[in-house]
Every structure is written in C-alpha cells, then in structure tokens.
Amino acid sequence: MRCLGFRAVDRYLWSGLFVLASSGCTINLGTPAGMPTGALSSPLGGGRQESALNIESSLDAGGGFTDRTVDVPMPPAPAKPPPDYSTMEHAMALIVEGKMEEAARVFAPRLAAEPDASDVHCYKAAVFAHENKHDEAIAEFDRAIAINPRFEIAYNDRGLQYEQKGDFERAINDYSTAMLLGQHAVHWSNRAQIYLKQKKYRAALRDSNTAISMYQGNPSAFCTRSRVWLALQRPDNALADIQTALAGSKDNVHFLYDRGYLYFKTGKFDGAIADFDRMLELDPKNANAYFWRGRCYLSLREYSRARSDLETYIKMRPGDSAGPDWLAELPDLEYDLSQKPESPARQWALACSAQLFSQNNMGIYSLPGERLTLENIDSEKKLLREWWDVDSRATLLARLNSLNAVGHDSEWRMYENMISLPGGDLLASRAGGAPGDPDSIGNRVKLVREYAPQFRERGLLAWDLGRYICLCRWGYKCGYLSEDEAWRFMMPVAEKIQKSYKSWKQFGEEYLVGRRFWSPTLWKKDEVRSTAILNSLLTSKNSPWVYLPWDTKLQ
C-alpha cells in the first residue's frame, strides 16, 4: 500500500509502508496486508526489458482523455550486485510498527559493516520518512538510487515523499520507474492516488484496475478504486469496493475510515458513526475519527455530541482550522433549533426548504436558519445578489412573483410541448438552455421525456415552490420582508405544495429533478451530496420530514 500518515482531514492518506511481494511472474501474488515496503523481493527489477515505459496516464479535470505519455527510461544496472536486503526489510517492518529503537538495534550491525551501502541509505530514508522529514528522506533515497539505480523500493518510497511534498510529477515518474523494475501492484495503486488528487479520474481508475488485476487479494487497491468511484459520483461502486477491501482486511483502521467517510458523504450517518466508533476502539487517539463523527452528529442535529467530538479534535490537532471552522457553526445551528416555531403548520412550511438550506449548511428549523448577526445578514445579501439578482425589497418581490407564476416550470412545459410535436427534438435543440451551461438543452429534453408522463400537471412545482420558500426566509433575514410578511407569503405556497404531492419523498425526489433540469453541471458536481441530503431528511430521527406527517394541518 502506502507509507503516509493522516494529515488533512479531507485527504485519504495512508500510514505504514505496505507493499506486494512478487514471485517474478507477469501477474503476481502478494504478501499479506501490512508487509513493509522493504519486502519487495527483487531489487533488480524482476526481468523487465530495458526500454522506455510508455504509459497513457493523463486526464483533464473534467474526466476526458488528454493524450499524454509518461516516458521513463530503464535505469542502468548497478556497478556491483546489491547486498542482501533482508536486514533492511526487517528493520523497516519495525519502523512501520513504530518500534524505532528495536529497528535501530536490528540494523546496527549492518550500519557498522557497510555505512555507505544502498540499503543503509534506504533505511535512513525510512527513519526520516517516519519523522515526516521529507527532504532528508528524499536525499537518502537519492543516495541509495545512485548506488543501485535499479532499487525498486527506493523509487516507490521516494515517490511517496514527493507526493507528501505536493511534487506530483516527480512522484509519478518515480512510481512509473518502479513499474519498470517490478510489476508490483503497489506502484499502480500509488500512482492512482496521484491521479486522483489531480482529478484525472479515468487515469486513476485505469491504474486502480491494473493494480487489482495484478493482485486480486490486495485490499488497498480496492480501497483506492473506491475513492475514485466516489470522485466520479458513483457511490454504489465505491461502497462495493470498500466492502471488498474490508472483507480482506477486517478492522483495518484506514479502510474503516474510508467506509465511514463514504457513509457520511451519502447521508448514512448511523453507519458512519459505527465505523468511526470502531476506529476509536482500535485507535483511541485517531483525531480524524473524532472529526468526522462530530460532522455526523452535526448532520443529525445532535449538537452536544458534535461539540464534544470537535473540541476533542481541536485539542488533538490544534493547528488545523477545520475543527474550529465547524465548531463555529454550532452557535448558529443551536440558535436555529431553539427558535423552531411552536406551530406544526409553520414547521411544515419551513421543512419545504430543507433541501436547499441543508445544501448551504444552514439551519432547517427556524425562519432565518441562523442568528441575525451583521456578518450573517451581509453574507446572505451578497448571495442573493450573486445568485438571484435580488438586492432590495422590490427585486425580491419581483423574483417571488416570477417563481410563483412561471419559474422553471414554464420552461419544463415549453420543452414538453415542443417534443410532442413532429420534429420536436429539432425545435427543442434551438431552445434556450441554462446560461453558461452548454449541456443543459440535451439534458432538459432527456429529463422531460423521462419524467413528464409521471409529473403531469405538477411539472417542476417542487423545485420552484421549494425555492420560493427559501427566498422568503432569506428575504426576512436580509430585512426585505417582515416576519409577518414572510409567513403570509409562505403559508399559501406550502398549502399548494401539500395539495400537489403525496409525500415528503415524492416532493424531495421531484425537487432534485428540478435541480438537474436547472443545471446539469452543478448537478454532476453535487449529485452525491444532494442525494445524501434527501436520504438524511427522509430517515434521520431529527428531521422534520420524519416527525411531521405530510398531511399536517396547515390552516
């Protein structure tokens, strides 16, 4: 696998020098998970031919192919045969376990016997890597490679140090050179991680597939591919792969972290909490488990538990801003909960805006959704100007009238009418789409064909009217509407929503179709999050969609 430790809470980095050992065959079996990088069996490279390695390996950030080749030459043979690396492998295995003193004792005789040997420099590099001294580690790997230019382990592990430093091109070159020297799945898995960070998703997927094909029993390759699937908005595929990884390495803290994060991203917060709980049983000092469990409790509106976990995270990682940033959200969220209207009818009306307010990390219980501080009000005014062209009471009222009278529903019906005519697709292709979104016309035709028969007279009311209620809430917060006016505008629209739909589920699902119709680009970007919000609203015990019946009396 890899030789990195968790650093940033939003990254998926590895701790431990894990590798696959080869039998010298074209497709190799591997050692059990947890074997140190030093366990590679063939420092000279396993019989690969001395020619350039040409690997198609680049994609643009949008997921399309870009022709690019990684050309790395076969390094020259060493001047003399390399030493026996078994002592180094033993010592590096101890370093992985954090047994630094024992590793030093094991390696001391070798260090005294030949202090400038390639394995000695590799051992020293591993010590520096363990201490996160990346430049020093790279310098020692350089010395090891100068002595043995075909030192596969050194290339792989130097690539990891370059990756830690953010020097992705050098890391890619080192992993690609290691591929020349031995067909170990770890190199493809490691390079896939670089491509994932560069948002070259198909390249990352290709390398992950290669790693899996080389060694089906390697759980880390499945874990890597799981991350790629998640980046590609394919959570079901991601879950299948991380489950496979855990089946091959039960109670692996890093795999539990990945599955817990995946559950979090898809709104399955109870499952995520269970994984983070297990992580803390196995590793009570795992700061990331506290952070993400705290985020889960935030999403579940269990604010006291969220505060406890985030405060613990801050104590463990005092230099990281993520903990304080999310902890700073709690006063607004706690205020929001404390200001929930007593009237179930008003609670129900506010719940119609829960999807978009959740999307914006805002409270779903009260009229303003957060405290009415100058900072919050100024921020909301800025967002209304940028996204809605609303900067006054007059422009707000005009936008509300537009949403209630026409909105995107009018465009939906325009497409519905056009495609019902002979040559309708051609007419639709000439219709207007979303500004700045070239994919929107074809997307709209496809959605109307798929959903119009079941939506019938409802059209896109869920999308338009749900956002209408959001605008009323924002208008109140910005001072463009009084509280009484906000409720007076909202309640008839809430009644219209209730009469048009049969359940929160139907309303929520059709709202998301409206989001897809509005902007396919933003939908692709936020699909997993938007779907997770819907799932959470439909299942979480603290969700108004769970405790408020659809047929709640609104008058």
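Values in this document were obtained by computation on a predicted structure and should not be read as measured data.
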Next item on the list: Take atom CZ of R305 as the centre, draw a 6.0 Å sphere, and report whether it contains more than 12 heavy atoms from other residues, nucleotides or ligands.
Entry: no
Next item on the list: Kindly say whether I364 contributes a backbone atom to a donor-acceptor pair with the side chain of D336 at under 3.5 angstrom?
Entry: yes
Checklist line | From I147, I145, N148, residue fulfilling side chain to side chain contact (heavy atoms under 4.5 Å, CB included) relative to P78 | finding: N148
Next item on the list: Count the heavy atoms of every other residue, nucleotide or ligand shown that sit under 6.0 Å from CZ of R278, and state whether that count exceeds 12.
Entry: yes
Check: Do L180 and V72 have side chains that get closer than 4.5 Å, going by heavy atoms?
Finding: yes
Notebook entry, point to check: Just by distance, do the side chain of T177 and the backbone of N173 share a donor-acceptor pair under 3.5 Å?
Noted result: yes
Check: Hey, is the main chain of N288 close enough, under 3.5 Å, to the side chain of N286 for a donor-acceptor pair?
Finding: yes
Next item on the list: Using a strict cut-off of less than 4.0 Å between a Lys/Arg side-chain nitrogen and an Asp/Glu carboxylate oxygen, indicate whether R307 and E334 qualify as a salt bridge.
Entry: yes
Notebook entry, point to check: With the threshold set at 4.0 Å, does a side-chain nitrogen-carboxylate oxygen contact exist between K446 and E450?
Noted result: no
Margin query: Closer than 3.5 angstrom, by distance alone: can the side chain of S249 be matched with the main-chain N or O of N252 as a donor-acceptor pair?
Written below: no
Name each donor-acceptor pair under 3.5 Å that joins a side chain in residues 91-107 to protein atoms two or more places apart or in another chain, with its distance.
unit_1 : atom_1 : unit_2 : atom_2 : d
E97    : OE1    : K99    : NZ     : 3.0

Next item on the list: Any chance you could lay out the side-chain contact (heavy atoms from CB on, under 4.5 Å) test for L337 and R301, step after step, and finish with the verdict?
Entry: CA-CA 9 Å; L337 180 59; R301 286 97 188 177; 5.7 Å; no
Margin query: Check R158 with D142, please: is the shortest side-chain N to carboxylate O separation under 4.0 Å?
Written below: yes
Checklist line | Worked verdict on K165 versus I138 for side-chain contact (heavy atoms from CB on, under 4.5 Å) | finding: CA-CA 10 Å; K165 285 169 60 67; I138 288 170; 3.5 Å; yes
Next item on the list: Take L534 and W545, measure what side-chain contact (heavy atoms from CB on, under 4.5 Å) needs, and give me the verdict at the end.
Entry: CA-CA 10 Å; L534 175 61; W545 288 18; 3.6 Å; yes
Next item on the list: Give the intermediate values and the outcome of side-chain hydrogen bond (donor to acceptor under 3.5 Å, both in side chains) for residues S86 and D84.
Entry: CA-CA 6 Å; S86 59; D84 180 1; 3.1 Å; yes
Item checked: Ring-ring centroid check Y290 Y313, cutoff 6.0 Å -> no
Notebook entry, point to check: Within the side chain of Q233, is there an N or O that forms a donor-acceptor pair under 3.5 Å with the backbone of V528?
Noted result: yes
Note to self: What I'd like to find out is whether the side chain of T210 reaches to under 4.5 Å of the side chain of M214, using heavy atoms alone.
What the structure shows: yes
Next item on the list: May I ask you to decide if S304's main-chain N or O and S308's side chain share a donor-acceptor pair within less than 3.5 Å?
Entry: no
Next item on the list: Classify the ring geometry between H187 and H184 as parallel (under 30°), tilted (30 to 60°) or perpendicular (over 60°).
Entry: perpendicular
Margin query: Any heavy-atom pair between the side chains of Y195 and I172 that's under 4.5 Å?
Written below: yes
Margin query: With a 4.5 Å cut-off on side-chain heavy atoms, are F141 and Y162 touching?
Written below: no
Next item on the list: Could you list the residues that satisfy side-chain contact (heavy atoms from CB on, under 4.5 Å) with D526, not counting sequence neighbours?
Entry: Q359, R515, S530
Margin query: Main chain of P149, side chain of Y155: is a donor-acceptor contact present, judged purely on distance under 3.5 Å?
Written below: yes
Checklist line | Residues R110 and E114 bridged, charged N to O under 4.0 Å | finding: yes
Check: Is a salt bridge present between K197 and E163, judged by a nitrogen-to-oxygen distance below 4.0 Å?
Finding: yes
Next item on the list: Verify, without hydrogens or angle tests, whether N190 (side chain) and N156 (backbone) share a donor-acceptor contact under 3.5 angstrom.
Entry: no
Next item on the list: Take E136 and Q161, measure what side-chain hydrogen bond (donor to acceptor under 3.5 Å, both in side chains) needs, and give me the verdict at the end.
Entry: CA-CA 10 Å; E136 293 88 339; Q161 297 307 303; over 6 Å; no
Notebook entry, point to check: Is any side-chain heavy atom of W229 less than 4.5 Å from a side-chain heavy atom of L205?
Noted result: yes
Next item on the list: For T266 and Y263, indicate whether the former's side chain and the latter's backbone hold a donor-acceptor pair under 3.5 Å.
Entry: yes
Item checked: Candidate pair T224 and S189, rule side-chain hydrogen bond (donor to acceptor under 3.5 Å, both in side chains), full reasoning -> CA-CA 7 Å; T224 299; S189 185; 3.1 Å; yes
Next item on the list: Go through R225 and N209 one step at a time and tell me if the side-chain hydrogen bond (donor to acceptor under 3.5 Å, both in side chains) criterion holds.
Entry: CA-CA 7 Å; R225 192 171 69 178; N209 288 339; 2.9 Å; yes
Margin query: For P75, is there any backbone N or O sitting under 3.5 Å from a side-chain donor or acceptor partner on R150?
Written below: yes
Margin query: Quick check for you: to the nearest 0.5 Å, what is the distance between S540 atom OG and K268 atom NZ?
Written below: 15.0 Å
